[in-house]
Amino acid sequence: MNAEHPARRVEDVTDAFDQLSALLDRFESLDTVLTRLTDSALATIPDTGSASVTVLRHEHARTAAATHPWAAELDEHQYSAEDGPCLHAARTGRLVRLDTAETDRWPEFSRAARDQDVAVAVGVPLLIDDDIVNTSAALNLTTPQHQAFDPLDEALLELFTHALSTAINHAYRHQQARRLADQLGDALDNRDVIGQAKGLLMARHHCGPEQAFDYLRTASQQSNVKLRDVAARLVAGETANHRD
């Protein structure tokens, strides 16, 4: 158990908070940010032997970051068994503390953890926004110390889980915004090429815009090709004719 002077540990907490704030201000991928945060947790929370983050999306679990390869392998033992401290924390929203000597609970994981000299494993749920559906996550910590993680450590854990939750929420929001921007871009591209194709048909057949669109729709149905692709081929063919 860590015996460092409480005042010094409070300073460590303050330094950790500053570091976390700086990390969250960076524009980096989710996995990169989570890797930095787990490294920071390992360095700051006393007696921690490893740290990792499990993201559970549509019941598919993956380790998004881990301080050690063997920590990620421990997570895999839980995924293969479809249960364990980190999955339980992610699903229930409750902190789980497992003494690996308790072989009656998650025995496969406990055996694998003891092989890595893990005495205690902790799964801490992360707060994922409700509008990010079918997604949950947990911070996973291990320690070789049976008496590790005192109340001050728990306060520091709360700080890290807040930072990790913020990182995940920001990343998914950025992902959603990027997907929407791509969809809007595609819609604008579709509108432009369909408009060009309608103009060509109107000039060729001396018809109005509605009849020109009917030409495109009929061609799309008969060829079983998307209307946008029919329009793009028409525009490309006209461009090629002009070049010749």
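The figures that follow rest on heavy atoms only: side chains count, while hydrogens, waters and symmetry mates do not.
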Short side-chain donor-acceptor distance under 3.5 Å, Asp75 and Thr63: yes
Side-chain donor or acceptor of Thr38 paired with backbone N/O of Leu34 under 3.5 Å: yes
Hey, does the side chain of Asn169 reach the backbone of Ser165 with a donor-acceptor pair shorter than 3.5 angstrom? yes
For Leu157, is there any backbone N or O sitting under 3.5 Å from a side-chain donor or acceptor partner on Thr161? yes
Single-linkage hydrophobic cluster Trp106~Tyr79, side-chain heavy atoms < 4.5 angstrom: no
Does the Thr143 side chain pair with the main chain of Gly49, one donor and one acceptor, at a distance under 3.5 Å? no
Treating Ile, Leu, Val, Met, Phe, Trp and Tyr as nodes and any side-chain heavy-atom pair under 4.5 angstrom as an edge, say whether Val235 and Leu216 lie in one connected cluster. yes
Scan side-chain atoms only and decide if Thr135 and Arg57 contain a donor-acceptor pair under the 3.5 Å cut-off. yes
Please name all residues satisfying ring pair (Phe, Tyr, Trp, His ring centres under 6.0 Å) with His146, sequence neighbours left out, ordered by chain then number. none
Strictly distance-based, threshold 3.5 Å: is any side-chain N or O of Ser80 a donor or acceptor partner for the main-chain N or O of His77? yes
Just distance, no hydrogens or angles: give the donor-acceptor pairs under 3.5 Å from side chains in residues 115-124, sequence neighbours left out.
none

Separation between NE2 (His162) and CG (Leu126), nearest 0.5 Å, reads 11.5 Å
Short N-O contact, Glu82 and Arg91, less than 4.0 angstrom: no
When every non-hydrogen atom of Val55 is compared with those of Ala137, the smallest separation belongs to CA-CB, 4.2 Å
Atom CZ of Arg94 with >12 non-hydrogen neighbours under 6.0 angstrom: no
Go through the steps for Asp214 and Lys198 under the test salt bridge (charged side-chain N to carboxylate O under 4.0 Å, His left out), then give the verdict. CA-CA 9 Å; Asp214 286 339; Lys198 284 169 59 179; over 6 Å; no
Drop me the distance from His68's NE2 to Leu74's CG, to the nearest 0.5 angstrom. 11.5 Å
Would a 4.5 Å heavy-atom cut-off, applied to side chains only, mark Asn140 and Val53 as touching? no
Does this structure show an ion pair linking Arg62 with Asp31, if we count only N-O contacts that are shorter than 4.0 Å? yes
If I take atom CZ from residue Phe160 and atom OG from residue Ser40, how far apart are they, to the nearest 0.5 angstrom? 3.5 Å
What one should report as the nearest heavy-atom pair of Ile128 and Ser136 is CG1-CA, 4.0 Å
First locate atom CG of Leu127, then atom CG of Leu164, and finally report the distance between them rounded to the nearest 0.5 Å. 10.5 Å
May I ask you to decide if Ala66's main-chain N or O and Ser52's side chain share a donor-acceptor pair within less than 3.5 Å? no
Using only atom types and a distance under 3.5 Å, with no angle test, would you say the side chain of Thr67 pairs donor to acceptor with the backbone of Asp39? no
Assess whether side chain to side chain contact (heavy atoms under 4.5 Å, CB included) is satisfied between Met202 and Glu210, documenting all intermediate values. CA-CA 9 Å; Met202 289 166 63; Glu210 293 184 2; over 6 Å; no
